[in-house]
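Structure, as structure tokens:
Protein chains get the first letters and strands the later ones, always in sequence-line order, with residue 1 at the start of each. Owing to the predicted nature of the structure, the values given are computational and were not obtained by experimental measurement.
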Number of protein chains: 2
Amino acid sequence: MTSSSTPPAFLMAAATAPDAEAGAGGSGTSVLTAERILEVAEEVLRRFGPDKTNVVDVARALGVSHGSVYRHFASKAALRGAVVERWLARVSAPLAEIAAAKGPAAGKGAGERLHLWVRMLHAIKRQKVLVEPEMFKAHKSFILESGVAVSEHVAHLEAQLATIVADGVTSGEFRPCDPAGVAGALFAATSSFHNPASAASWSDPEIETRLKTVLDLLVAGLKAGA
Amino acid sequence: MTSSSTPPAFLMAAATAPDAEAGAGGSGTSVLTAERILEVAEEVLRRFGPDKTNVVDVARALGVSHGSVYRHFASKAALRGAVVERWLARVSAPLAEIAAAKGPAAGKGAGERLHLWVRMLHAIKRQKVLVEPEMFKAHKSFILESGVAVSEHVAHLEAQLATIVADGVTSGEFRPCDPAGVAGALFAATSSFHNPASAASWSDPEIETRLKTVLDLLVAGLKAGA
DNA sequence: GAAATGACAGATATTGAAATCTGTCATTTG
DNA sequence: CAAATGACAGATTTCAATATCTGTCATTTC
């Protein structure tokens with residue numbers, strides 16, 4: 001699959017991929033499933049970009065009429081939304097692993113996991129901007145027209161952060177606090193490092209240093225004050 | 001302290017306004033100065049919006065030919081840039097006051113000034129979005145096409161933050177650190193509360209609470225860790 | 001003669017007619 | 001009869017002709 005320039009090593013987990021259907025039957029002859037449509041739609045979207053992809057293109061790539069696509073998705077927007085949702089889920093997966101790693105020896109401190117989690121989120125988003133500009137554009141335009149799936153995605157990510165914070169409080173590493181509220185604050189405070197709207201500044205070579213400074217400050221705050 | 005939708009009292013300082021030239025001479029008969037052009041251009045921009053304002057409109061409002069405007073500004077973009085710069089300077093002024101307030105009794109702690117400064121910046125930007133949508137649009141489109149004046153503005157604001165941080169370090173309230181680097185981090189960490197790109201989320205009633213949580217975390221970090 | 005003007009060429013924006021796309025549904029297919 | 005098709009109406013996008021705007025400069029004004 002698409003790996004190019006030089007993705008940070010920890011990104012690799014996220015690069016594993018689709019093919020859930022490859023072995024099914026003959027190939028194009030299998031029944032038309034929503035999942036199969038999503039796979040092909042993502043491929044087409046990636047090739048032509050969000051502005052130039054239409055339902056007929058997707059249907060043609062599937063070898064069916066566009067009417068058949070509407071049997072599975074109520075509208076073009078719904079289809080696009082589902083594709084982006086799938087894509088966001090793949091962003092979320094490797095982060096969930098970090099958030100869940102609370103083993104005694106494995107997870108080290110919550111502060112360290114917090115660092116890792118945020119840096120991972122930053123790296124993933126940055127990677128997307130660089131190597132998947134078309135999907136990224138789709139992601140952005142989708143956000144603009146229907147924030148629903150995206151706010152769910154954000155809620156998901158904040159819940160992961162809340163897990164890490166709660167772990168830190170339990171272990172005594174962090175000062176007692178409301179994990180959900182603090183998770184929201186952490187997400188907001190680091191948003192210029194993961195929000196697509198700020199992508200322009202990610203080419204600054206000092207961005208990593210700046211992120212580290214922000215995280216050090218936040219983690220110190222979690223440990224000491226409130 | 002829960003004041004919300006109503007504009008915070010400290011905004012009022014920024015609302016005082018133009019008229020620097022009203023008493024000059026007769027009226028439109030005075031010589032055409034760059035400053036006079038900027039005044040009128042801002043007025044016209046506010047009335048028609050950035051997309052519908054052209055140089056001829058501005059010239060007509062001034063009662064001169066558009067050729068005369070080009071005697072003072074090299075291009076339409078330069079004119080627009082100068083208008084935005086003026087506007088940004090007015091955003092910056094009340095913040096500079098807070099940053100400079102280091103009097104013994106007046107300024108209280110640097111932590112408090114930091115809170116005040118960031119909340120003020122948030123309030124100003126939010127206010128602009130609500131009551132000056134046209135200027136705000138001009139601001140945004142200007143950012144997109146020429147980041148120069150804006151990055152200067154940001155540098156300016158970060159320098160103000162650095163002043164506050166340095167004061168805190170001097171007084172022993174904050175742990176020793178590089179004020180410039182930390183100021184950059186603080187600006188980034190709070191950007192979702194002042195960056196126009198995030199304006200959509202500013203209607204959330206919980207935004208103030210979230211900002212407070214972020215600031216408490218950051219200030220605690222400045223006081224204790226690094 | 002410094003400042004302002006307005007006609008002008010090239011660049012940009014507007015417009016509306018033509019082409020394409022979305023979403024539906026009566027019909028066909030296996 | 002469940003699944004797929006493709007013709008269709010209305011919505012949207014494209015494209016090229018047309019109109020407007022920007023930036024210049026030879027000329028006029030005071």
I need the [atom1]-[atom2] distance between [X] and [N], as an integer number of Å.
X: B/Leu62; N: C/dA3; atom1: CG; atom2: P; result: 17 Å
X: A/Lys76; N: D/dG10; atom1: NZ; atom2: C1'; result: 16 Å
X: B/Leu79; N: D/dG23; atom1: CG; atom2: C1'; result: 13 Å
X: A/Arg60; N: D/dA4; atom1: CZ; atom2: C1'; result: 17 Å
X: A/Phe48; N: C/dT20; atom1: CZ; atom2: P; result: 16 Å
X: A/Ile37; N: D/dA4; atom1: CD1; atom2: C1'; result: 12 Å

Side chain of A/Tyr70 only, please: which of C/dT22, D/dG23, D/dA4 is the nearest?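 Per side-chain heavy atoms of A/Tyr70, the pick is C/dT22.
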For the side chain of B/Arg71, counting heavy atoms from C-beta on, which of C/dA3, D/dT22, D/dT5 is nearest?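 Comparing C/dA3, D/dT22, D/dT5 against the side chain of B/Arg71, the answer is C/dA3.
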Closest-nucleotide 5' rank along DNA chain D - winner of A/His72 and A/Asp51: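 The answer here is A/His72.
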Can a donor-acceptor pair be found between the side chains of A/Trp117 and A/Gln160 at a distance below 3.5 Å?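 The criterion, which ignores hydrogens and geometry beyond distance, is satisfied for A/Gln160 and A/Trp117.
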Any luck finding a side-chain donor-acceptor pair between B/His66 and B/Asp57 under 3.5 Å?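 Short answer, no.
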Worked verdict on B/Arg210 versus B/Glu206 for salt bridge (charged side-chain N to carboxylate O under 4.0 Å, His left out): CA-CA 6 Å; B/Arg210 186 169 273 214; B/Glu206 291 208 36; over 6 Å; no
Would you say [X] reaches [N]'s phosphate, i.e. side-chain N/O to OP1/OP2 under 4.0 Å?
X: B/Ser68; N: C/dT5; value: yes
X: A/Asn54; N: C/dT22; value: yes
X: A/Lys52; N: D/dT14; value: yes

Establish whether the base of D/dG23 is bridged to the side chain of B/His66 by a donor-acceptor pair shorter than 3.5 Å.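 Result: at least one qualifying N/O pair found.
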Would you call B/Arg80-B/Glu42 a salt bridge at under 4.0 Å N-O?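 A salt bridge is absent here (no side-chain N lies under 4.0 Å from a carboxylate O).
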Nearest-nucleotide comparison on DNA chain C, the residue closer to the 5′ end among A/Asp57 and A/Gly67: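 That would be A/Asp57.
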Between A/Phe187 and A/His194, how do the two ring planes meet: parallel, tilted or perpendicular, split at 30° and 60°?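 A/Phe187 vs A/His194 ring planes: tilted.
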